[in-house]
Student: 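Encoded as structure tokens, here's the structure I'll be asking about.
Keep in mind the model is a prediction, meaning the values are calculated, not measured.
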Amino acid sequence: MKLLVANGPNLNLTGTREPQVYGGDTLAIINSQLKSRFPDVTFEFFQTNGEGDLIDKMQVVDKERFDGVVLNAGALTHYSYSLRDAIASINTPVVEVHMSQVFAREEFRKTSVISEVCKGTITGFGKFSYFAAVFTFLEKAK
Ligand code: DQA
């Protein structure tokens, strides 16, 4: 199984950015923990602060033959129709993840413009939101 774990704007700051919200582990630590926990998965990890870069990456996942995408789009989740259109245009399933419980935060975070074009959404479990998303792909593949 080949999975892309893609992170959008500001998620490169995970570990130091609002640790009370996003936890104290860096993205590099979370990614290496994913590799250890799921040794049979071939992971590619991608992070960008650019909306266009994230869209460019979504556009190649079919061609690059990923079985799935675990996507934390950061704040783009809440307003990026172009990211939504990119996800809608691909065949590879995308699971939306958020570390924080977005429904318990500011109003603007309660809207996701990408949920409708994602397979599902996992929110509020800290770094374990990523683990849970990977688990759904593995279980479905059985
Ligand atoms: C986030 C939630 C978003 O609202 C926020 O903009 C982020 C991170 C999360 O993982 O909880 O950057 O996606």
Student: Linking I/L/V/M/F/W/Y whenever their side-chain heavy atoms sit closer than 4.5 Å, directly or via other members, would V134 and F45 fall into one cluster?
Tutor: yes
Student: Tell me if the centroids of the rings in F137 and F135 come within less than 6.0 Å of each other.
Tutor: no
Student: Determine whether more than 12 heavy atoms belonging to other residues, nucleotides or ligands lie under 6.0 Å from atom CZ of R37.
Tutor: no
Student: Begin with the C-alpha distance, continue with both residues' side-chain angles, and end with the deciding distance and a verdict on side chain to side chain donor-acceptor pair (under 3.5 Å) for T77 and E96.
Tutor: CA-CA 9 Å; T77 304; E96 173 187 1; 4.7 Å; no
Student: Measuring from atom CE of M1 to atom NZ of K140, what distance do you get when rounded to the nearest 0.5 angstrom?
Tutor: 10.5 Å
Student: Is there a path of hydrophobic side-chain contacts, each under 4.5 Å between heavy atoms, that joins V41 and V61?
Tutor: no
Student: Is the shortest side-chain heavy-atom distance between L3 and V69 below 4.5 Å?
Tutor: no
Student: Around atom NZ of K35, are there more than 12 heavy atoms of other residues, nucleotides or ligands at under 6.0 Å?
Tutor: no
Student: If hydrophobic clusters are built by linking Ile, Leu, Val, Met, Phe, Trp and Tyr wherever their side-chain heavy atoms come under 4.5 Å apart, do I30 and F38 end up in the same one?
Tutor: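 I30 and F38: one cluster.
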Student: Calculate, to the nearest 0.5 Å, the distance between atoms OG and CE belonging to S89 and M58 respectively.
Tutor: 10.0 Å
Student: Measure the shortest side-chain to side-chain distance between L54 and L76 over non-hydrogen atoms and say whether it is less than 4.5 angstrom.
Tutor: yes
Student: Could you tell me whether K2 and D67 have a side-chain N and a carboxylate O separated by less than 4.0 Å?
Tutor: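 No, no charged N to carboxylate O under 4.0 Å.
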Student: Do the rings of F131 and F128 sit parallel, tilted or perpendicular, given the 30° and 60° boundaries?
Tutor: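 Ring orientation of F131 relative to F128: tilted.
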Student: Within a strict 4.5 Å, meaning less than it, do heavy atoms of the Q33 and D25 side chains meet?
Tutor: yes
Student: Side chains of E51 and S82: donor-acceptor distance under 3.5 Å anywhere?
Tutor: yes
Student: Is there side-chain contact between V97 and T123, with heavy atoms separated by less than 4.5 Å?
Tutor: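 V97 does not reach T123 side chain to side chain.
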Student: Could you pull out the closest heavy-atom pair between S100 and V21, with the gap in Å?
Tutor: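 That would be CB-CG1, 3.7 Å.
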Student: Taking the side chain as C-beta and beyond, is there a heavy-atom pair between L71 and V95 under 4.5 Å?
Tutor: no
Student: List the steps and the verdict of side chain to side chain contact (heavy atoms under 4.5 Å, CB included) for N72 and M99.
Tutor: CA-CA 8 Å; N72 186 346; M99 288 184 278; 4.2 Å; yes
Student: At what distance, to the nearest 0.5 angstrom, does NZ of K119 lie from OG1 of T136?
Tutor: 10.5 Å
Student: At what distance, to the nearest 0.5 angstrom, does CG of D62 lie from CG of N91?
Tutor: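 That separation rounds to 4.5 Å.
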Student: Using a cut-off of 6.0 Å, state whether more than 12 heavy atoms not belonging to E106 lie near its atom CD.
Tutor: yes
Student: In the structure I gave you, are the side-chain heavy atoms of F66 and E44 within less than 4.5 Å of one another anywhere?
Tutor: yes
Student: Which heavy atom in S129 sits nearest to a heavy atom in G124, and how many Å separate them?
Tutor: OG-N, 3.7 Å
Student: Whether the side chain of H78 engages the backbone of S112 through a donor-acceptor N/O pair (distance < 3.5 Å, no angle test) should be reported.
Tutor: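 Looks like no, no N/O pair under 3.5 Å.
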Student: May I ask you to check whether over 12 heavy atoms, not counting those of Y81, lie within 6.0 Å of atom OH?
Tutor: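 No.
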Student: When you measure from the centre of the six-membered ring of F46, is the NZ or CZ of K57 closer than 6.0 Å and no more than 45° off the axis?
Tutor: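 Here K57 passes the 6.0 Å and 45° test against F46.
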Student: With distance as the sole test, does Q101 use its side chain to make a donor-acceptor pair with the main-chain N or O of F103 at under 3.5 Å?
Tutor: yes
Student: Taking all heavy atoms of L83 and all of A73, pick out the closest pair and write down the distance.
Tutor: CD2-CB, 3.6 Å
Student: Determine whether T26 and T14 satisfy the following criterion, side chain to side chain contact (heavy atoms under 4.5 Å, CB included), listing intermediate values before the conclusion.
Tutor: CA-CA 5 Å; T26 63; T14 304; 6.0 Å; no
Student: Got N31 and F43 here, is their nearest side-chain heavy-atom distance under 4.5 Å?
Tutor: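 In short, these two side chains do not touch, never coming nearer than 4.5 Å.
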Student: Starting from V5, can I reach I55 by hopping between I/L/V/M/F/W/Y residues whose side chains sit under 4.5 Å apart?
Tutor: no
Student: Distance only, no hydrogens: is a donor on one side chain within 3.5 Å (strictly under) of an acceptor on the other, for N7 and Y130?
Tutor: yes
Student: Start with the C-alpha distance between R84 and E116, add both sets of side-chain angles, then the distance that settles side chain to side chain contact (heavy atoms under 4.5 Å, CB included), and finish with yes or no.
Tutor: CA-CA 9 Å; R84 177 200 168 106; E116 280 182 358; 2.8 Å; yes
Student: Please say yes or no: joined through hydrophobic side-chain contacts below 4.5 Å, possibly via intermediate residues, are L11 and V70 part of one cluster?
Tutor: yes
Student: Run the numbers on V117 and V94 for side chain to side chain contact (heavy atoms under 4.5 Å, CB included), then give the verdict.
Tutor: CA-CA 8 Å; V117 292; V94 177; over 6 Å; no
Student: Would you give the length of the straight line joining atom CD1 of I114 to atom OG1 of T121, rounded to the nearest 0.5 angstrom?
Tutor: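 The distance works out to 7.0 Å.
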Student: Are the side chains of L27 and Q47 in touch, meaning some heavy atoms are under 4.5 Å apart?
Tutor: yes
